[in-house]
Amino acid sequence: MKKYIILAVSVMAVVFMGCSNDDDTTRPNDPLKGFFPKTMVVTIGSGTSTGTFRYDYDDTNRIVSIKDNSDSSTLLSFTYNENGLVDRFVDNTESETYEITYDRNIITRIIETSSGTAINLSYNNGIYEFNSALIIFNTQNQLITAGSLIELIEYNTNPGPFATLDFQPIFFFLEDGFLSLLSYFFTKNEIVSVERSPEGLLTANTQRDSNGNITNVSFTDSSNQELLTYEITYEEREIIN
């Protein structure tokens with residue numbers, strides 16, 4: 001069984017109504033539009049980029065793959081069940097496929113298909129126990145604690161990059177390595193700070209564009225040294241209700 005590192009995340013995008021003015025009235029059939037992250041550049045420390053990642057969506061705006069933007073190779077791909085939850089993901093970095101089973105929207109088991117190994121989880125009142133580590137969500141489905149790596153995440157009420165995505169608990173159980181760094185942004189609100197081990201308290205410094213989208217987040221330690229930086233670009237997509 002592979003060792004997982006649990007991921008901490010917060011994410012959101014600003015949704016707006018596309019409109020035009022005809023005698024100061026809005027046409028009722030104008031589609032609802034939103035901004036969705038398209039690429040994300042992750043940099044560790046001062047200047048060393050780990051790569052640029054690209055998000056691809058299906059026609060209902062669900063993430064279907066995360067790719068290496070430099071060569072378009074697929075790193076992760078996802079399929080969904082009839083309830084809109086990820087029921088299968090392929091990790092091409094490990095040449096492994098995982099199937100996920102649920103009780104309503106709670107993950108009960110992850111199966112590693114190559115070996116048939118079943119990874120069982122227990123869940124109670126927002127707390128998953130997974131590989132002897134605790135993954136804790138609050139009542140807003142915000143990740144606040146993840147094992148020994150993430151001790152505490154704090155949020156504000158502003159939207160994060162992926163605000164329009166439905167909550168997908170499996171996004172917090174991805175493999176370790178560079179891919180785990182992407183999971184900082186999959187809950188609904190903007191991150192204020194992350195207390196990580198061994199770095200300590202990291203403060204998130206956020207920049208937004210004229211549409212309100214988060215385009216840059218840098219995490220700095222107590223000496224104001226940048227340890228992680230994210231640069232995000234977006235595409236505009238029609239919201240499907």
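These numbers come from a predicted model, not from an experiment.
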Derivation of the side chain to side chain contact (heavy atoms under 4.5 Å, CB included) call for I44 and L228:
CA-CA 5 Å; I44 299 177; L228 280 173; 3.8 Å; yes
Between the side chains of D56 and S65, does any donor sit under 3.5 Å from an acceptor?
yes
Is the backbone of E151 close enough, under 3.5 Å, to the side chain of T145 for a donor and an acceptor to pair up by distance?
yes
Check: T187 side chain, L143 main-chain N or O, donor-acceptor pair, under 3.5 Å:
no
Using the rule that two of Ile, Leu, Val, Met, Phe, Trp, Tyr join whenever any of their side-chain heavy atoms come within less than 4.5 Å, decide whether Y98 and V90 are in one cluster.
no
Using atom types as modelled and distance alone, determine if a side-chain donor or acceptor of N61 lies under 3.5 Å from a backbone N or O of E238.
yes
Taking the side chain as every heavy atom from C-beta outward, state whether R208 and E190 have any pair of such atoms under 4.5 Å apart.
yes
Using only atom types and a distance under 3.5 Å, with no angle test, would you say the side chain of D71 pairs donor to acceptor with the backbone of S73?
yes
How about Y128 and F172: are their ring centres within less than 6.0 Å of each other?
no
Would you check if I214 and Y234 make a side-chain contact, meaning some heavy-atom pair closer than 4.5 Å?
yes
Measure the shortest side-chain to side-chain distance between L76 and N92 over non-hydrogen atoms and say whether it is less than 4.5 angstrom.
no
For S70 and D68, work out which heavy atoms get closest and say how close.
OG-OD1, 2.6 Å
Parallel under 30°, tilted from 30 to 60°, perpendicular over 60°: which one fits the rings of F89 and F78?
tilted
Note, R109 side chain near I119 side chain (heavy atom, < 4.5 Å)
no
Does N83 CG have over 12 foreign heavy atoms under 6.0 Å away?
yes
As an exercise, state the distance from OG1 of T117 to CD1 of I110, rounded to the nearest 0.5 Å.
12.5 Å
Close side-chain approach of V217 and I191, heavy atoms under 4.5 Å
no
Backbone N/O of T108 and side chain of T101: donor-acceptor pair under 3.5 Å:
no
Quick one: are R88 and T79 in side-chain contact, heavy atoms under 4.5 Å?
yes
Rounded to the nearest 0.5 Å, what separation is found between the NZ atom of K67 and the OG atom of S72?
6.0 Å
Heavy-atom side-chain proximity of E235 to Y57 below 4.5 angstrom:
yes
Polar side-chain atom of Y102 near backbone of V86 as donor-acceptor pair, under 3.5 Å
yes
Are any of the side-chain heavy atoms of R54 and K38 separated by less than 4.5 Å?
yes
If hydrophobic clusters are built by linking Ile, Leu, Val, Met, Phe, Trp and Tyr wherever their side-chain heavy atoms come under 4.5 Å apart, do I106 and I100 end up in the same one?
yes
I would like to know whether Q168 and Y80 meet side chain to side chain contact (heavy atoms under 4.5 Å, CB included); could you show each step before the answer?
CA-CA 10 Å; Q168 295 287 345; Y80 295 80; 3.6 Å; yes
Sorted by chain and residue number, the side chain to side chain donor-acceptor pair (under 3.5 Å) partners of N81 (sequence neighbours excluded) come out as none
Knowing that exactly one of N205, T229, T203 qualifies, which makes a side-chain hydrogen bond (donor to acceptor under 3.5 Å, both in side chains) with T220?
N205
Compare every heavy atom of N105 with every heavy atom of P169, then report the nearest pair and how far apart it is.
CG-O, 3.9 Å
Locate the shortest heavy-atom distance separating N138 from Q142; write the atom from each residue and the value.
ND2-OE1, 2.7 Å
Considering all heavy atoms of both residues, which atom of R104 and which atom of L85 are nearest to each other, and what is their separation?
O-CD1, 3.6 Å
What's the separation between atom OG in S218 and atom CD in Q225, rounded to the nearest 0.5 Å?
12.0 Å
With a 6.0 Å cut-off (strictly less than), is the heavy-atom count around CZ of R237, excluding the residue itself, greater than 12?
yes
Which pairs with one or both residues in residues 188-220 pass ring-ring contact (aromatic ring centres under 6.0 Å, His included), sequence neighbours excluded?
Y184-F219
Heavy-atom nearest pair, I127 first then L134, reads CG2-CD2, 4.0 Å
Tightest non-hydrogen contact, residues S148 and S197, listed as O-CB, 3.3 Å
Are a donor atom and an acceptor atom from the side chains of E96 and S114 found within less than 3.5 Å of each other?
yes
Could you work out, with side chain to side chain donor-acceptor pair (under 3.5 Å) as the rule, every residue matching T60, not counting sequence neighbours?
D58, R62
With hydrophobic residues grouped by side-chain heavy-atom distances under 4.5 Å, do I144 and L201 end up in a single group?
no
Name the orientation class of the two ring planes belonging to Y55 and F186 (parallel below 30°, tilted from 30 to 60°, perpendicular beyond 60°).
perpendicular
From F162 atom CZ to I232 atom CD1, the distance as rounded to the nearest 0.5 Å:
7.0 Å
Answer yes if I111 and I107 sit in the same cluster of Ile, Leu, Val, Met, Phe, Trp and Tyr residues linked by side chain heavy atoms under 4.5 Å apart, and no otherwise.
no
Interatomic spacing from CG in N156 to OG in S193 - rounded to 0.5 Å
10.0 Å
Approximate separation, where rounding is to 0.5 Å, of T164 OG1 and L32 CG
10.0 Å
Do I63 and L165 pass the side chain to side chain contact (heavy atoms under 4.5 Å, CB included) test, and can you show the C-alpha distance, the side-chain angles, and the key distance before you say yes or no?
CA-CA 9 Å; I63 295 175; L165 289 185; 3.7 Å; yes
Between T233 and the options N213, T39, N69, the side-chain hydrogen bond (donor to acceptor under 3.5 Å, both in side chains) test singles out T39
